[in-house]
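So you know, we letter chains A, B, ... as the sequences are listed, proteins then strands, and number each from 1. Since this is a predicted model, take the numbers as computed values, not measurements.
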Amino acid sequence: MLGIMCGRYTLTPAIDELLAALGLADLISDHEPRYNIAPSQQIPALRLDGEGRLLLDFFRWGLVPFWAKDPTIGNRMINARGETVAEKPSFRAAFRERRCLILSDGWYEWPKSKAGKQPTRITLASGEVFAFAGIWEQWRPKEETDDLRSSDRWSEEIRSCAIITSEPCDAIRAIHHRMPVVLKQEQWDAWLATGAAAGELLAMVGPYEGDDLITHAVSTLVNSPANDIAQCVLPL
DNA sequence: CCAGACGTTGTT
DNA sequence: GTCTGG
DNA sequence: CCAGACGTTGTT
DNA sequence: GTCTGG
């Protein structure tokens, strides 16, 4: 019931070459393929630092608003609707000032049929890496919550993110009524640009416009986030 | 004014 | 049924 | 997104 | 922190 649209995805290729092309080669020499990335996990994303330099950073998937008393709210904030992300109090500051690019080469949906739910993976036909349009936030425990601070769970700062969603494109409409905003590499600079006009950003926040998304059924092994294995992406 | 929500998708 | 954890 | 827990007091 | 509902 509190489930969301893009709630599971992959980042299977070695991305060293991609990062090298972006001038970030040194940052991720230890990247392991990920076949089943789930909310609450640490995920890699590109952002700009305070001086406008591109950076690969890690974020907890599930945005914890800076005002949150209980950071577990992040488990229910894994997506942000593109239609309202610029307005909602929980998201608009991040949309204005803290956008990021969440690297991916595919995501999962669980379309329902008479037979039940059929896990399905969506990728670009080329298999290339793209990015989900993302926003990120930084959360710190409040001073007065001494009890909670002493428990290790809430004592740390949390850097977290959410994936922006939109109406589906034609290729996706048959399996779900929402989809993540997919940005190809030529759009990345514009998405991260400091001070970008809201209108220009929102023009990128919509259904994927290409005709090169493909889908294929996969094993129910993917259902459990504990199964982060290559078999999750194998077409049935 | 204070209290309480602030979010998503999906289902009813 | 609803929430939390991954 | 799905899977799995969902509660208490008291004792270790 | 900021907005909505009462």
Any side-chain N or O of [X] less than 4.0 Å from the OP1 or OP2 oxygen of [N]?
X      : N      : result
A/R76  : B/dG7  : no
A/K112 : B/dT11 : yes
A/T84  : B/dT8  : yes
A/S40  : C/dT4  : no
A/R92  : B/dC6  : no
A/K88  : B/dC6  : no
A/N223 : D/dA3  : yes

Tell me: [atom1] of [X] to [atom2] of [N], nearest whole Å?
X      : N     : atom1 : atom2 : value
A/Q41  : D/dA3 : CD    : C1'   : 13 Å
A/N36  : C/dG5 : CG    : P     : 19 Å
A/R121 : D/dC1 : CZ    : C1'   : 15 Å
A/R96  : E/dG1 : CZ    : C1'   : 12 Å
A/D70  : C/dG5 : CG    : P     : 9 Å
A/N75  : D/dA3 : CG    : P     : 17 Å
A/E137 : B/dC6 : CD    : C1'   : 13 Å
A/I172 : D/dC1 : CD1   : P     : 15 Å

Side chain of [X] only, heavy atoms from C-beta on: which candidate in [options] is closest?
X      : options             : result
A/F91  : B/dG7, E/dG1, C/dG6 : B/dG7
A/K117 : D/dC2, C/dG5, B/dG7 : D/dC2
A/W110 : B/dG7, D/dC1, C/dT4 : D/dC1
A/I78  : E/dC3, D/dC1, B/dT9 : D/dC1
A/R81  : C/dT4, B/dT8, B/dC6 : B/dT8
A/P39  : C/dG6, E/dG1, B/dT9 : C/dG6

> From A/L183 CG over to A/W191 CH2, what is the distance, rounded to the nearest 0.5 angstrom?
Replying inline: 6.5 Å
> Under 4.0 Å between a Lys/Arg side-chain N and an Asp/Glu carboxylate O for A/E157 and A/R140?
Replying inline: yes
>> Salt bridge check, A/E83 against A/K88: does any charged N sit closer than 4.0 Å to a carboxylate O?
In response: no
Looking only at the side chains, is there a donor atom on one of [X] and [Y] sitting less than 3.5 Å from an acceptor on the other?
X      : Y      : answer
A/R98  : A/Q138 : no
A/T165 : A/R81  : no
A/S40  : A/N75  : no

Distance between [atom1] atoms of [N] and [M] (Å, rounded):
N      : M     : atom1 : answer
D/dT9  : B/dC1 : C1'   : 43 Å
D/dA3  : B/dC6 : C1'   : 27 Å
D/dT11 : C/dT2 : P     : 36 Å
C/dC3  : B/dG7 : C1'   : 15 Å

> Taking the inter-plane angle between the rings of A/F130 and A/F132 on a 0 to 90° scale, is it parallel (under 30°), tilted (30 to 60°) or perpendicular (over 60°)?
Replying inline: perpendicular
> How about A/Y9 and A/W61: are their ring centroids closer than 6.0 Å?
Replying inline: yes
> Between A/F59 and A/W136, does the ring centroid distance fall short of 6.0 Å?
Replying inline: yes
>> Both atom distances under 3.5 Å, Watson-Crick or G-U wobble: I'd like the secondary structure of DNA chain C as a dot-bracket string, with | for pairs made across strands.
In response: ||||||
